[in-house]
Amino acid sequence: TDPALIRNFCIIAHIDHGKSTLADRMLQLTGVVEGRQMRAQYLDRMDIERERGITIKSQAVRLPWDGHVLNMIDTPGHVDFTYEVSRSLEACEGAVLLVDAAQGIEAQTLANLYLAMSADLHIIPVLNKIDLPAAQPDKYAEEIAGLIGCAPSDVLRVSGKTGVGVKELLDHVVQNVPAPVGDADAPARALIFDSVYDTYRGVVTYVRVVDGHLSKRERTIMMSTGATHETLEIGVISPDPVPSVSLGVGEVGYLITGVKDVRQARVGDTVTSVVKPALTALGGYDHPRPMVYSGLYPIDGDDYPELREALDKLRLNDAALAYEPETSAALGFGFRCGFLGLLHMEIVRERLEREFNLSLISTAPNVIYRVVMEDGKEIVVTNPSEFPSGKIAEIHEPMVKATLLSPSDHIGAIMELCQGRRGALLGMDYLSEDRVEIRYTLPLGEIIFDFFDQLKSRTRGYASLDYDPSGEQDADLVKVDILLQGEAVDAFSAIVHREKAYAYGVEMAKKLKELIPRQQFEVPIQAAIGARVIARENIRAIRKDVLAKCYGGDISRKRKLLEKQKEGKKRMKMVGRVEVPQEAFVAALSTE
Ligand code: GDP
Ligand code: MG
């Protein structure tokens, strides 16, 4: 395709403002998906995306429109997936900034807008959901205009649901988004913006060609590793893979090289050709840094090799995922995994369980602490069990700069929440008469648990949150251990602020008492800092045989009960002599 006829754009927005629904209408209007085959959120292909109604992976689709080729990239909106968004942006020249006409600008609207601006994209402001009775397009057009410095009348109005305005939006993209610029005669350079492991096809690599072209059967080099491969298939997504012979300047498509080793097609790498290699790689992306760590363990220890393989495969799909082997006295062999945030953690775990058929336990999430000992030695703690017991001079904890957007009547509730989490107010600005932006620095460790849920419940769902890493601060932290029958269970250890240690210990002991079923013997639960016990509870013993009540009763009921017990057993983990249900690990470690 002639680059002059190509328009590469993405849709960015706060979560739920309607990106995927708008993408649906575009698929339909451009005839890429026929009416009959249409289903809502067509591009959210993963089961987990469909069930949760959120987009996790970006999707690139080629849309023919008015003699042009549009490559549209639908992006995830959640704060944990900012990394995905920033990768998609690198493959585009324009961005549709979508804002719900009944909600206005929210925290991720801002975050995404700033990303798009720093990637130098042409921004098209669009109000969505104008069909809603509660829509206030005039009010929010003002808000957006004030933000990006355009006239309120420049803000387009659409409904992804009814399709109103979508045709005009596509025309606007053709007229206003710059065509890609590249050197067709230069050595090939294509940027990898996503890579997916497909069970049947191996690694599928999504690329945006910047210079030259890539062809089928050609040998390519990955510039960061020097690995060479033959391109077995090359093509575009529209909306299913359509093989072609080559991809030229500005084109967005996929490559299949038969690679099975998932680490050979890194996101951010530049692909060039062996025959006529490029000298310098493209800019690539910043490596995403994990913010939150947690242990992942197979419930059945025999599944350890499968877990390793699953993580290897998932990492290709998810460049932000980090992991290394670790052992836990309570849980056996597993992995210490690094995530971008809690949702990312939940999703990785759920995908491992679903896509690779594993049953897993994950330990309490924690952030990275830097501990400096009195003798000057420095220890980086990604796991509470690494927290040193010797003489500590300083502990540094990671901080974030948080931006909270909310109607102004919730300012009090938000400030109370942030103060309670050791936050420091940075500033406050009114975006409009009744919408305010509040900025805080907060310890990351204080927001990874339930901060977001708390924020939502205290503001009736109206506040939104975004945050960026922002250095470190000194903090007075201690490790709280939880002991069952006098034995510390490493999986339950946590690093908390000294002032909150007591409350944490009491709460955990109470929770575990509820979560761990009674056993044949008594189980004391204790919380301790070092050798000092700060809380205790007791789980009383049971003797009663569960089958006793079926005695003489009908056999099938008894069998059912036994089967049920067996099922239950599978989900149990032995900790010393104590059987702890999988849910106890999960539930005990969530703050609510
Ligand atoms: P995303 O998170 O930005 O991808 O948002 P989705 O496309 O998944 O939409 C979020 C919710 O808003 C869904 O329940 C959609 O049905 C709804 N929605 C999206 N666009 C419109 C619209 O134009 N009008 C109305 N009334 N609802 C919409
Ligand atoms: Mg979506």
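Worth saying up front: this structure is predicted, and the values here are computed from it rather than measured. Both counts, for ligands and for their atoms, begin at 1 and track the order of listing. For this chain, numbers begin at 1 and follow the sequence in order.
- Each of the following atoms of ligand 1 lies closer than 4.0 Å to a heavy atom of Leu132: 26 (N).
- Between His410 and Tyr462, the angle of the ring planes stays under 30°, which puts this pair in the parallel group of the 30/60° scheme.
- Checking Thr162, Val164, Thr21 against atom 19 (C) of ligand 1, the nearest heavy atom belongs to Thr21.
- Every N/O-N/O distance between Leu22 and ligand 1 stays at or above 3.5 Å.
- Only the side chain of Asn128 comes within contact range of ligand 1, with a heavy atom under 4.0 Å; no backbone atom does.
- The distance criterion of under 3.5 Å between nitrogen or oxygen atoms is not met by Ile130 with respect to ligand 1.
- Within a 6.0 Å sphere centred on CG of Asp429, heavy atoms belonging to other residues, nucleotides or ligands number more than 12.
- Between Gln103 and His14, the side chains place no donor N or O within less than 3.5 Å of an acceptor N or O (distance only, hydrogens not considered).
- Atoms of ligand 1 found under 4.0 Å from any heavy atom of Lys19 (numbered from 1 in listed order, with element): 1 (P), 2 (O), 3 (O), 4 (O), 5 (O), 7 (O).
- Between Glu251 atom CD and Leu214 atom CG the span is 10.5 Å, to the nearest 0.5 Å.
- For Asn8 and Asn71, the side-chain atoms include at least one donor-acceptor pair closer than 3.5 Å.
- Remark: the Ser224 side chain and the Asp269 side chain contain an N/O donor-acceptor pair separated by less than 3.5 Å.
- By the criterion of a heavy-atom distance under 4.0 Å, the side chain of Asp131, and not its backbone, is placed next to ligand 1.
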